[in-house]
Amino acid sequence: MAHKPYILVTNDDGIYAPGIYALWEAMTTLGEVTVVAPDTEKSAVGHAITIVDPIRTQPVNRRSGFQGFAVTGTPADCVKIAVRSLLDRKPDLIISGINAGANVGNNIIYSGTVSAATEGTMLGIPSIAVSLNSFQGEHWETAQKFARLFASQTLKRSIPVGTLLNVNIPDRAINDIRGIRPARQGQVYFKDRFEKREDPRGRVYYWMTGEIVDPSESEQDDSVLLHKGYVTVTPIHYQLTHESFLTELDSWELDD
Ligand code: MN
């Protein structure tokens, strides 16, 4: 690429999260970077967008030149408003993360991190979602290394139209990473439980919690490889039609 790549950094943990700072720092070694991210945490909002309320933006400057906009919207809103309004030119790459917590299996559907990248692909821009497999996030430098690797490869090569890269990284020191494996979206899901509580006024409320369940067995599944210490990369597309069942539907008696 002749010119310096222009990179949009976003996330779902909010513009003040440690992961987005680590991602911004990693991307500054590759090109010119602008950050557009939610003003507060918007994890698990999926691909939601804001249409009933106004969206407000606020310039943000963190240390060492980190600058961009905090947005009172979802991750998908951030990508839309960045590309359509806030940026002065179309980015060459959109990268979302680094999320605190893996985005594997069914979690991908709920993930704001992945949805920001999905929105990028919908706008025709190569996009990557990056997650670290820990809610505490100790080894950001490991995630930075692989975020940089996938970003530079994506800038050099091409991703099929409508497809994004979903990258998951073990929360380990770089030397303890076993390698990189292309992986399939596995079977992980969250078994919900609703804790019933009472507020100070005696009114009942609920808080969703639960546990991660992983029936994945295949050596190609994202969570299996991630837990073994591999960085996983899964190409994901948002074209949701089930092709073979579409054909089978022809045999249904649908004439009225
Ligand atoms: Mn998150």
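The figures here come from the full heavy-atom set of this structure, side chains too, leaving out hydrogens, waters and symmetry mates. Order of appearance sets the numbers: ligands from 1, and atoms from 1 within every ligand.
Near-neighbour remark for the Mn ion (ligand 1): protein N, O or S atoms under 2.8 Å are D12 OD1, D13 OD1, S43 OG, N99 OD1; waters not counted.
Side-chain contact check for Q67 versus V60: every heavy-atom pair is 4.5 Å or farther apart. Contact of the I95 side chain with the L8 side chain is not registered, since no non-hydrogen atoms from C-beta on lie closer than 4.5 Å.
Legend: residues meeting ring-ring contact (aromatic ring centres under 6.0 Å, His included) with Y230, ordered by chain and number and at least two apart, are absent.
Scanning both residues, T121 and T118, for their nearest heavy atoms gives OG1-O, 2.7 Å.
Between F245 and H242, the ring-plane angle classifies as perpendicular under the 30° and 60° cut-offs.
Separation of atoms NE2 (H139) and CD1 (I98) is listed at 13.5 Å; rounding is to 0.5 Å.
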